[in-house]
Amino acid sequence: MDLELTPEQQMARDTARDFAAREVLPRAADIDRRHAFPGDLIGKLGALGMMGVAVPQAWGGAGMDTVAYVLALEEISRACAATGVIMSVNNSLVCGPIATHGTDAQKRAWLPDLASGRKLGCFALSEPESGSDAGALRTSARQAGDAGWILNGTKNFVTNGPVADVVLLLASTDATAGAKGISAFIVDARNPGLKFGPPDDKLGIRGAPCAQLFLTDAQVPSEAMLGAPGFGYKLALGALDGGRIGIAAQALGIARAAFEDATQYALERKTFGQPIARHQAIEFKLADMSTEIDAARLMIWRAATKKDQGGRYTTEAAMAKLLASEVANRVAKEAVQVFGGYGYLTDFPVERHFRDAKITEIYEGTSEIQRLVIARGVLGA
Ligand SMILES: Cc1cc2nc3c(=O)[nH]c(=O)nc-3n(C[C@H](O)[C@H](O)[C@H](O)COP(=O)(O)OP(=O)(O)OC[C@H]3O[C@@H](n4cnc5c(N)ncnc54)[C@H](O)[C@@H]3O)c2cc1C
């Protein structure tokens, strides 16, 4: 693995870093406080190529690699974790599977708009009674002759859902076949059979709207199916492998934000006649944070590189997500401690990082599920 970034990867990182500092960071506290979807920022990210970083240029994307993607996502998430996850879902869970498994007609219909930020995608796999056990989903797709498919069911926690233009949705086309009977569909969010519930009221990433999705006799054409019938579960797991690298990068951005804020504060705040950064208890905290952040970044780069090389990267992606999300939570918790009482107030962004960090241990597979995936990889099961 080459730790020297290519000029293109450096450009992706620098472009994202500059945009994040100028346009995203100054808005982050307000986005969080008002639970405000940053639609204008998403449009601008699209114009910069950030909403379809790895989508081939032929389909309107930036045509870069996964390493460039994680570099950009770390920078955006460092400024605002909510904006980071909106970008991550669109890139990893919607553009990725369409670019990999779509027909030319499907790519033509969706990718240029999704990759440019003119449209936004969401991914609907989880349901009220199936999250970790995604293969147990109940949403059904019934064939309706030449008319295509009729979808019924309820999806949970759909990030971007209330503001999305397109839903990548998993439903069972053969209830007798279990996970092998699940198929994927690309559904226009304006379909009259789709209705989103009110946005979920969340602990963190409050600018990224998330809601239940109700499907009531939603009719979609045959061409809406993505991949072959029965391929949906595999497609979803593949999308989540890539998605986990993205969430790891989001977690890394949150960890960096907490660490950088804590370091600056520790150099300014004085107790007992010296900056708290000079007390060993605090400087050791900063040393541990910095070490763990670097370790997480290396694992993310390794997983991204493996993905770019075209081989299997399921275990590496799960390891990167597990470590980065746990690092984000440890670092954010210690950063609040460095701020003392001020860390507990909403006046400083560190309490937001603390709240934002938690979700990275839950979505796109909980830490328990990552350990399960890693154990399977290690044990060869
Ligand atoms: C803010 C937010 C955004 C989300 N966005 C999306 C989205 O865009 N699209 C989407 O499809 N989903 C989304 N999700 C859903 C998310 O992926 C699930 O919440 C997650 O996978 C866990 O599923 P669950 O909530 O049903 O928990 P459960 O699966 O019920 O798990 C409960 C607990 O049991 C543990 N557990 C379960 N099974 C095992 C096992 N075999 N071994 C050990 N421990 C186990 C879990 O780790 C967890 O601690 C989102 C969730 C949230 C909160």
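In each ligand, atom 1 is the first atom listed, and ligand 1 is the first ligand listed.
- Between R244 and E316, no side-chain nitrogen of the basic residue sits less than 4.0 Å from a carboxylate oxygen of the acidic one, so the salt-bridge criterion is not met.
- Of the protein's heavy atoms, none falls inside 4.0 Å of atom 34 (O) of ligand 1.
- Contact annotation: for L372 versus ligand 1, heavy atoms closer than 4.0 Å belong to the side chain alone.
- Comment: E23 engages K44 in a salt bridge, judged by a side-chain N to carboxylate O separation of less than 4.0 angstrom.
- Heavy atoms from other residues, nucleotides or ligands lying under 6.0 Å from CD of Q10 number more than 12.
- Residue-level proximity to ligand 1 for C210 is carried by the side chain, the only part with a heavy atom below 4.0 angstrom.
- Remark: ligand 1 and G365 share no N or O pair separated by less than 3.5 Å (distance only, no angle test).
- The protein heavy-atom contact nearest to atom 39 (C) of ligand 1 is I369 CD1, 4.0 Å.
- Comparing heavy-atom distances from atom 36 (N) of ligand 1 across G243, G204, S132, C122 singles out S132 as nearest.
- Checked by distance only, ligand 1 and L125 come closer than 3.5 Å through their nitrogen or oxygen atoms.
- In this structure K195 satisfies the salt bridge (Lys or Arg N to Asp or Glu O under 4.0 Å) test with no other residue, sequence neighbours excluded.
- Near E364, the atoms of ligand 1 lying under 4.0 angstrom from a non-hydrogen atom of the residue are 17 (O).
- Checked by distance only, ligand 1 and S126 come closer than 3.5 Å through their nitrogen or oxygen atoms.
- At a heavy-atom cutoff of 4.0 Å, ligand 1 is contacted by the side chain of T366 but not by its backbone.
- Checking R312 against T314 by side-chain atom types alone, a donor-acceptor pair falls below 3.5 Å.
- Protein heavy atom in closest approach to atom 20 (C) of ligand 1: I362 O, 3.7 Å.
- When P128, A164, S367, G131 are checked for heavy-atom proximity to atom 24 (P) of ligand 1, G131 turns out nearest.
- Aromatic pair F157/Y363: ring centres not closer than 6.0 Å.
- Considering each of Q370, E368, R206, the one bringing a non-hydrogen atom nearest atom 49 (O) of ligand 1 is E368.
- When only modelled atom types and interatomic distance are considered, T360 and Q250 share no side-chain donor-acceptor pair under 3.5 Å.
- Atom 14 (N) of ligand 1 has its closest protein heavy atom at F157 CB, 3.4 Å.
- Annotation: D146, atom CG; neighbour count of heavy atoms from other residues, nucleotides and ligands within 6.0 Å does not exceed 12.
- For the pair R78 and E74, the salt-bridge criterion is not met [side-chain N within less than 4.0 Å of a carboxylate O].
- In terms of N/O distances under 3.5 Å, ligand 1 is approached by F123.
- At a heavy-atom cutoff of 4.0 Å, ligand 1 is contacted by the side chain of I359 but not by its backbone.
- At a distance under 4.0 Å, a protein heavy atom can be found next to atom 3 (C) of ligand 1.
- Each of the atoms 1 (C) of ligand 1 lies under 4.0 Å from some heavy atom of K202.
- Within a 4.0 Å radius of atom 10 (C) of ligand 1, the protein contributes at least one heavy atom.
- Checked by atom type, the side-chain pair Q212/N156 shows a donor-acceptor distance below 3.5 Å.
- For ligand 1, one of its N or O atoms has an N or O atom of T159 under 3.5 Å away.
- Counting non-hydrogen atoms of other residues, nucleotides and ligands closer than 6.0 Å to NZ of K202 gives a total above 12.
- The protein reaches atom 17 (O) of ligand 1 closely, with a heavy atom under 4.0 angstrom from it.
- No salt bridge links D261 with R352; every basic N to acidic carboxylate O contact stays at or beyond 4.0 Å.
- The hydrophobic cluster containing V220 also includes W149, L151, V158, V167, L169, F185, V187, L194, F196, L213, L215, M225, under a criterion of side-chain heavy atoms closer than 4.5 Å among ILVMFWY residues, counted directly or through chains of members.
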